[in-house]
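Chain naming here is simple, since letters A, B, ... match the order of the sequence lines and numbering starts at 1 in each.
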Amino acid sequence: MYYDFKSVEPKWQKRWEESGVFHASDDHDKPKFYGLVEFPYPSGAGMHVGHIKAYSGLEVISRKRRLQGYNVLFPIGFDAYGLPTENYAIKTGIHPRKVTDTNIAKFTDQLKKVGFSFDWTRVIDTTEDGYYKWTQWIFLKMFEKGLAFRDKTLVNYCPSCKVVLSNEDSQGGKCDICHSDVIQKSKDVWYLRITEYADKLLEGLEKVDYLPNIKLQQVNWIGKSRGAFVNFPIKNNDERLRIYTTRPDTLFGVTFMVIAPEHPIIDKYADKISNMDEIEAYRAECSKKTEFERTQLVKDKTGVKIDGLTAVNPVNGKEIPVYISDYVMMGYGTGAIMAVPAHDSRDYDFAKKFGIDIIEVIKGGDISKEAYSGDGEMVNSEFMNGMTNKKESIAKMIDYLTEKGIGEGGVQYKMKDWAFNRQRYWGEPIPIVHCPKCGMVAVPYDELPLKLPEVENFEPGSDGESPLAKIESFVNCKCPKCGGDAKRETDTMPQWAGSSWYFLRYVDPHNEKSFADAEELKYWMPVDWYNGGMEHVTRHLIYSRFWYKFLYDIGEVPYEEPYAKRTAQGLILGPDGVKMSKSRGNVIDPNEVVESLGADVLRTYVLFMGDYEQAAPWSEDSVKGCKRFIDRIWNLLEITTDGEEYSEKLSVPMNKTIKKVSEDIEQMKFNTAIAAMMTLLNTVYSIGEINKAELKTLILLLNPFAPHVTEEMWEKMEFGGTVTDWSWPEYDETKCVDSTVQIAIQVNGKIKARIDVPTDISSQDAIAAAKKETVVASLIEGKTVVKELYVKGKLVNIVVK
RNA sequence: GCCGGUGUGUCGGAAUUGGCAGACGAGACAGACUCAAAAUCUGUUAUCCGCAAGGGUGUGUGGGUUCGAGUCCCACCACCGGCACCA
């Protein structure tokens, strides 16, 4: 009997849709499970096999949880604001709203054809008024609390996309979207003060169950460092040059200072500086360099000595020169450093190039060759001499600085405030009004959502202005405070906005009074398990934790952390072993697999192809193995016999498999779970029959992976109702072991024989049995037995001399 | 440069966390069925020596710990990912 997936799969998809079995229940007395996957950006290209793998992990877990009696929330939605849609609209003239709707319809259809058990009554579209109303609402709350602010700064600007980019979006000096070079431009932009949450974001990591490498990436991203601020007096002047250092213990080794090219002290004392021309020239040169070029020149230090400004080392009164160099950044610390060439490689390079003294203060290295940053005895450091413990030295110096009023301990973060703006059409309008009298005024909450105006031309303005700036009817408005003429903010929010809180909306997606009902939040939050791509563990994961923690602080959400657990799946590579891309032509279309082999095969294969967390190449051949597996499962119907209990032959394999599959799913070791079912299947075929009890269990175990074929078999066997009405199989630990095991016999660690022994054999009996083996007996004859040991159920090792 | 990860047959990958390396799948080879092909089923398949029985060698490289190492320790090599002049 041939398994006709082409008719069976749509049949069950239709039934699931009609019965609503996968809708989360309102019954708050049941234990809950909230499984979250990263909602897709609905691109025109449609679904990618990567999406299938990303969703299949929690799909299996969610289906298992339902069978285990949980009330499961497994939602899906669309993160639909973004540049590709807008660029497509500009190119074709089709409105982004229309493009988005078309793409969402396409994704929805494709997802349903794979049979995912999403709750389709809770779908979110971040571009719908009912949704972005609350995105704007949260923004206004932040504005109210001073966390959303405007600042004039140098921003990363992409001349090709005509947008301001965040540091995150312009890594390596290239635009994330079009990959052209990013330049620096001064502009008034919106920021979110995420740095205020740096410590909370760091501390919160201790309370959550994230994969260790995910935690580590977040820790590195936040980049907290401890050190000290020290004020260096300027000679013949009341000025203090303030620096930040992580190594205050090396203060006696300071031989010069360096300030960033943008440091304000230069303009302040321009009249005292004799080589201002030279400095101006250097500054001009630096401002032309992009961030990328600056970092490219790591090896070759440049700079200019400031003639006329001399600093004084506050611990020993020594006069030291001040340099200007672009290896010091204005955006970190104070924009000025104390340079200790003997113990910092960058300062070392600079000192070598400019012929500055290098004074060793910590022994242990060879400072004629390179800087030494290790531990050692302190020298040339007056009251610090003789100390050997870095930690203690730092503490001692900080105490000294504090006592003398020269400086104090402090911390710094690498993380910068979040540039929260786009000069684009297809995004959430920022609900702020600029009033000539009142300044920046929030749009009143009852006027939200501030809707995106209808326009025909989506092209950004030539100078980095949003297309909204061209729409008079939108721009011109009345000030909500004084009623006078005012202008609306025309920037829109960046693409990360909508995805920063979507998991909260799923809990209560149709609420018009609040972003989600408090009771619903209390029941469903936190997300029990969040799975997504490794590429999102810094930006999206940190941004959304930040928003959530803010909402917690203003009493809008119930728990401190949004996600209890976070995992990440590995990429699916093309058959050629490299990342799939259109240009390489190695992209696998999931729809074609569904069409030709069936959704169950696709689902099983993406989980079977390798370790879920690791990248693995697609194989056109291997996928056929899963097709055979599904067909062989189906063909069990022909060899099924009566029987309400596991047969003697299959009792142990059945129990073992239930255990293995149950445990492996929890650890996302889907590949070995499937392998265990394949092994069981091979055992069944070698016996030649399976009874109803055994088939029932096998169907239940496989159901989360291949729901269509298992439902169809369940129905054919008339087991009653559908698989979804049943519960996850249990196993008996005592029935997971065979009565006899094969053990290996080693002599001096080399395997010489194998024998079958009762599983519960004693150590003495096992060793005795081993010695009776003729090969073994001949090997140990006439020699002294030094040691003999038995590892239960594994092996006997006899060591002879 | 710093941090993290990975390295196992022809290929994707297993290995109960120190105990029989190569589960499971693919591919290949042989056989059955077929007029034939596909599909399906059965068997073989790390490698070297040997007709065979059997023996040797094998988890990136080199050392070490141990009765025993893919697994632990030290050094090195290669590839992948993240951060990157962060003071």
Expressed as a whole number of angstroms, how long is the span from A:Leu681:CG to B:U40:P? 13 Å

Suppose you measure atom C1' in B:G43 against the same atom in B:G54; what distance do you get, rounded to whole Å? 24 Å

Does B:G22 count as syn, meaning its glycosidic angle lies within 90° of 0, or as anti? anti

Candidates B:G27, B:G13, B:C24 - which lies nearest the side chain of A:Asp621: B:G27

Criterion side-chain contact (heavy atoms from CB on, under 4.5 Å) against A:Ile687, the qualifying member of A:Thr683, A:Val684, A:Ile690: A:Thr683

When you compare the side chains of A:Thr302 and A:Tyr282, does any donor N or O come within less than 3.5 Å of an acceptor on the partner? yes

Tell me whether A:Lys215 at atom NZ has more than 12 heavy atoms from other residues, nucleotides or ligands lying less than 6.0 Å away. yes

Of A:Gln614 and A:Val623, the one whose closest RNA chain B nucleotide lies more 5': A:Gln614

Nearest whole Å is fine: how far is B:U16 P from A:Asn655 CG? 22 Å

Structure string for RNA chain B in dot-bracket form, Watson-Crick and G-U at under 3.5 Å, | interchain: (((((((..(((......[....)))((((((.......))))))((((....))))..(((((..]....))))))))))))....

N/O (side chain, A:Asn635) to phosphate O (OP1/OP2, B:C41) under 4.0 Å: no

Between A:Ile337 and A:Tyr327, is any pair of side-chain heavy atoms under 4.5 Å apart? yes

Closest to the side chain of A:Lys301, out of B:G12, B:C85, B:A14, is B:C85

Just to be sure I understand the rule, does A:Asp631 reach a base, reach only the sugar-phosphate, or reach nothing, if contact means heavy atoms closer than 4.0 Å? nothing

Give a yes/no verdict on a cation-pi contact between A:Lys224 and A:Tyr413, requiring under 6.0 Å between NZ or CZ and the six-membered ring centre and an angle within 45° of the axis. no

Determine whether the side chains of A:Ser762 and A:Asp765 contain a donor N or O and an acceptor N or O closer than 3.5 Å. yes

C1' atom, B:G12 versus B:U8: distance in rounded Å? 12 Å

Please state the C1' separation for the pair B:U45 and B:A38 - nearest whole angstrom. 24 Å

Matching residue for A:Phe354 among A:Tyr323, A:Tyr348, A:Phe256 - test: ring-ring contact (aromatic ring centres under 6.0 Å, His included): A:Tyr323

Which one, B:G4, B:C24, B:A14, comes nearest to the side chain of A:Leu216? B:G4

Ring centers of A:Tyr191, A:Trp418 separated by less than 6.0 Å: no

Assess the side chains of A:Gln218 and A:Arg545: does a donor N or O sit below 3.5 Å from an acceptor N or O? yes

Base, sugar-phosphate or nothing for A:Pro212? Non-hydrogen atoms, less than 4.0 Å. nothing

When the C1' atoms of B:C79 and B:C29 are considered, how many whole Å apart are they? 33 Å

Whole-angstrom distance between B:A26 and B:U65, as gauged at atom P: 44 Å

Using the side-chain heavy atoms of A:Asn220, tell me which of these nucleotides is nearest: B:A23, B:C3, B:G13. B:C3

For the pair made of OH in A:Tyr790 and C1' in B:C67, what is the distance, rounded to whole Å? 17 Å

So do A:Pro575 and A:Asn586 actually touch side chain to side chain, heavy atoms under 4.5 Å? yes

Side chain to side chain, A:Leu571 and A:Lys579, heavy atoms closer than 4.5 Å: yes

Would you mind reading off the distance between A:Arg628 atom CZ and B:C24 atom P, rounded to a whole angstrom? 15 Å

Suppose you measure atom C1' in B:G70 against the same atom in B:U61; what distance do you get, rounded to whole Å? 15 Å

To the side chain of A:Thr679, which of B:G4, B:C85, B:C24 is closest? B:C24

Can you figure out which of B:A26, B:C3, B:A87 approaches the side chain of A:Ile337 most closely? B:A87

From B:G13, B:G25, B:C85, pick the nucleotide closest to the side chain of A:Ala616? B:G13

Base of B:U17 relative to its sugar, syn (within 90° of 0) or anti? syn

Tell me whether the side-chain N/O atoms of A:Tyr244 come closer than 4.0 Å to OP1 or OP2 in B:A87. no

In this structure, how many angstroms lie between the P atom of B:G82 and the CE atom of A:Met415, rounded? 20 Å

Check A:Arg566, A:Glu38, A:Gln569 against A:Asn531 for a side chain to side chain donor-acceptor pair (under 3.5 Å) and give me the one that passes. A:Gln569

Taking the side chain of A:Arg632 as heavy atoms from C-beta outward, which of B:G4, B:G56, B:C41 is closest to it? B:C41

So A:Ala615, base contact, sugar-phosphate only, or nothing? Heavy-atom distance under 4.0 Å. sugar-phosphate

If you pin A:Gln412 and A:Tyr685 to their nearest nucleotides in RNA chain B, which one's is more 5'? A:Tyr685

NA contact type, A:Thr246, heavy-atom cut-off 4.0 Å: base, sugar-phosphate, or nothing? sugar-phosphate

Which nucleotide in the list B:A15, B:A87, B:C24 gets nearest to the side chain of A:Ser225? B:A87

Let me know the distance between CH2 of A:Trp618 and P of B:G25, rounded to the nearest Å. 18 Å

Counting heavy atoms from C-beta on, name the nucleotide in B:G13, B:A87, B:G4 closest to the side chain of A:Thr245. B:A87

Give me the distance, rounded to whole Å, that separates B:U57 from B:G63 when you measure between the P atoms they each carry. 15 Å

Find the distance A:Leu241:CG to B:A87:P and express it as a whole number of Å. 18 Å

P atoms of B:G9 and B:G58, separation to the nearest Å: 14 Å

Atom pair distance, as rounded to whole Å: CD in A:Gln217 and P in B:G5: 12 Å

Report yes if a side-chain nitrogen or oxygen of A:Lys669 is closer than 4.0 Å to either non-bridging phosphate oxygen (OP1 or OP2) of B:A15; otherwise report no. yes

Would you indicate what A:Asn671 reaches in the nucleic acid, counting non-hydrogen atoms under 4.0 angstrom: base, sugar-phosphate, or nothing? sugar-phosphate

Could you list, one pair per line, each protein nitrogen or oxygen that sits under 3.5 Å from a nitrogen or oxygen of nucleotides 19-21 of chain B, together with the distance?
| unit_1 | atom_1 | unit_2 | atom_2 | d |
| --- | --- | --- | --- | --- |
| B:C20 | O2 | A:Arg754 | NH1 | 2.2 |
| B:C20 | N4 | A:Gln742 | O | 2.4 |

Stacked cation flag A:Lys53 on A:Tyr612, 6.0 angstrom / 45 deg: yes

